[in-house]
Amino acid sequence: MVLTKIWLIPIFYGFCAISATATKYFFVSLLKKYPHILPFLASRDASLFGECVFAHFVSYSAFLLMLIAYIRHRQTVEYYSHRLCWENSMWRVMSTVIAGVGFFTALCITVIAHCEDPELAVVHEWADTVAFAAGLLYAWAQAVLTWSLVPRMCTLRVCVFRFMIVLVESVAFVFYRFVKDDEKLSPPWLLEASLWIIAICFHIFIITFFIELRFSYLHSPKVAFVRAEETDRVPILQRNEEDEMNNDS
């Protein structure tokens with residue numbers, strides 16, 4: 001079985017992320033009477049049902065983010081190593097490390113989703129900060145790797161667009177980190193706007209991966225069953241190696 005629509009995975013990620021934001025908007029802004037134009041995205045003052053729905057959508061988006069990080073790594077390896085026959089050098093190490101950063105970002109996002117209780121405010125705040133930082137690092141690393149590997153899997157225009165997104169996200173993140181504890185430097189609505197910018201920029205960056213994935217596909221795993229009398233109590237890998245040696249001879 002061949003999966004030819006994997007470009008839909010970033011689209012599904014965007015749907016889950018936007019649904020989580022809409023859930024927070026509905027249960028916090030509309031029901032709790034917060035300002036409608038700029039709702040409190042970081043607020044945990046929502047109903048129990050609203051927090052459950054929010055946690056589910058965030059968990060789905062975290063799972064899809066982990067899947068996207070793995071697919072991006074495999075796509076890079078398949079294109080440059082198998083298609084272009086490049087040697088496995090620093091570019092493959094960097095791709096592997098970037099995939100690990102994506103996995104770690106997804107893990108932190110799940111912690112954010114399941115630590116909405118006010119008693120876990122410290123854990124939520126730390127996970128929130130680490131997730132933003134790791135997501136920003138993942139976005140920068142992906143943008144640099146995609147731009148530096150030539151021939152590129154996307155056009156130069158797409159690379160420039162991604163750099164612009166990451167740059168805006170970086171400015172918003174630095175601003176939020178430096179002034180969030182000082183009410184004199186920034187009003188609450190401006191801090192809230194910086195959170196919105198960080199989240200929206202990261203979501204848009206991940207969604208843009210569908211551009212490269214339009215020309216990719218995946219094979220489903222294959223499972224081979226061997227009868228007990230056929231194995232002769234010899235491991236399958238060892239038997240395959242022996243068969244290859246006999247064929248070479």
Side-chain angles (χ1 to χ4, degrees), residues 1-24 41 51-81 91-116 120 123-146 149 153-154 162 165-166 169 173 195 198-221:
M1 179 180 177
V2 179
L3 306 178
T4 59
K5 302 294 184 181
I6 60 174
W7 60 270
L8 289 175
I9 297 178
I11 305 298
F12 290 152
Y13 165 84
F15 171 78
C16 292
I18 294 174
S19 299
T21 304
T23 301
K24 180 71 76 171
L41 184 63
E51 294 297 348
C52 291
V53 176
F54 174 77
H56 275 79
F57 278 120
V58 174
S59 298
Y60 295 152
S61 63
F63 169 75
L64 292 174
L65 176 61
M66 185 178 298
L67 187 60
I68 291 170
Y70 173 75
I71 292 176
R72 285 289 297 177
H73 169 64
R74 289 305 310 168
Q75 183 186 32
T76 303
V77 172
E78 290 293 331
Y79 182 70
Y80 291 103
S81 180
W91 67 269
R92 182 158 186 169
V93 176
M94 290 301 300
S95 180
T96 304
V97 173
I98 293 172
V101 174
F103 293 164
F104 181 72
T105 304
L107 176 62
C108 294
I109 292 176
T110 58
V111 175
I112 294 174
H114 295 89
C115 293
E116 291 286 315
L120 301 174
V123 178
H124 180 91
E125 183 177 357
W126 275 100
D128 191 44
T129 303
V130 175
F132 280 148
L136 184 60
L137 177 62
Y138 177 78
W140 268 113
Q142 277 287 356
V144 172
L145 185 67
T146 304
L149 296 180
M153 291 187 293
C154 62
R162 287 174 178 169
I165 293 176
V166 179
E169 182 183 356
F173 177 78
L195 282 179
I198 295 172
I200 292 175
C201 288
F202 183 75
H203 296 334
I204 294 176
F205 185 89
I206 298 299
I207 293 173
T208 60
F209 288 156
F210 85 92
I211 298 175
E212 290 96 329
L213 294 179
R214 291 177 302 166
F215 311 105
S216 302
Y217 60 89
L218 289 176
H219 285 284
S220 59

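Fair warning: this is a prediction, and the values are worked out from it, not measured in the lab.
The neighbour count for Tyr79 OH, taken as heavy atoms of other residues, nucleotides or ligands under 6.0 Å away, is above 12.
When every heavy atom of Ala131 is checked against every heavy atom of Thr105, the shortest pair comes out as O-CG2, 3.9 Å. Minimum heavy-atom separation, Ala20 to Phe54: O-CD1, 3.4 Å. Shortest non-hydrogen contact noted between Val166 and Ala139 is CG2-CB, 3.8 Å. Here the closest non-hydrogen pair linking Leu64 and Cys16 is CD1-SG, 4.1 Å.
Thr76 places a side-chain heavy atom less than 4.5 Å from the side chain of Leu149. Residues Met153 and Tyr80 are in side-chain contact: their nearest non-hydrogen atoms beyond the backbone lie under 4.5 Å apart.
With sequence neighbours left out, the side chain to side chain donor-acceptor pair (under 3.5 Å) criterion links Trp7 to no other residue. Under the salt bridge (Lys or Arg N to Asp or Glu O under 4.0 Å) criterion, Arg214 pairs with no residue at all, not counting sequence neighbours. Evaluation of the side chain to side chain donor-acceptor pair (under 3.5 Å) rule for Ser95 yields His73 as partners, not counting sequence neighbours. Residues that satisfy the side-chain contact (heavy atoms from CB on, under 4.5 Å) test with Ala141, not counting sequence neighbours, are Ile98. Under the side-chain contact (heavy atoms from CB on, under 4.5 Å) criterion, Leu67 pairs with Ile9, Ile71, sequence neighbours left out. By the side chain to side chain donor-acceptor pair (under 3.5 Å) test, Thr110 pairs with no residue at all, sequence neighbours left out. With sequence neighbours excluded, no residue forms a side-chain contact (heavy atoms from CB on, under 4.5 Å) with Phe215. For Gln142, the side chain to side chain donor-acceptor pair (under 3.5 Å) criterion is met by Arg72, Tyr138, not counting sequence neighbours. Residues passing the side-chain contact (heavy atoms from CB on, under 4.5 Å) test with Phe104 are Cys108, Val130, Ala134, sequence neighbours excluded.
For the atom pair CG (Leu195) and CZ (Phe173), the distance works out to 10.5 Å, reported to the nearest 0.5 Å. Rounded to the nearest 0.5 angstrom, Tyr70 OH and Gln75 CD are separated by 12.5 Å.
Listed by first and then second residue, the salt bridge (charged side-chain N to carboxylate O under 4.0 Å, His left out) pairs that reach into residues 99-112 come to none, sequence neighbours excluded. Screening residues 52-66 for side-chain hydrogen bond (donor to acceptor under 3.5 Å, both in side chains) gives no qualifying pairs among residues at least two apart or on separate chains.
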Checking His114 against Val58 for the side chain to side chain contact (heavy atoms under 4.5 Å, CB included) test, could you report, in this order, the C-alpha distance in whole Å, the side-chain angles of both residues, the deciding distance, and whether it holds? CA-CA 9 Å; His114 295 89; Val58 174; over 6 Å; no
Could you give the side-chain donor-acceptor pairs of residues 200-210 under 3.5 Å, partners two or more places apart or in another chain?
| from | atom 1 | to | atom 2 | distance (Å) |
| --- | --- | --- | --- | --- |
| His203 | ND1 | Tyr13 | OH | 3.0 |
| Thr208 | OG1 | Arg162 | NE | 3.1 |
| Thr208 | OG1 | Phe205 | O | 2.4 |

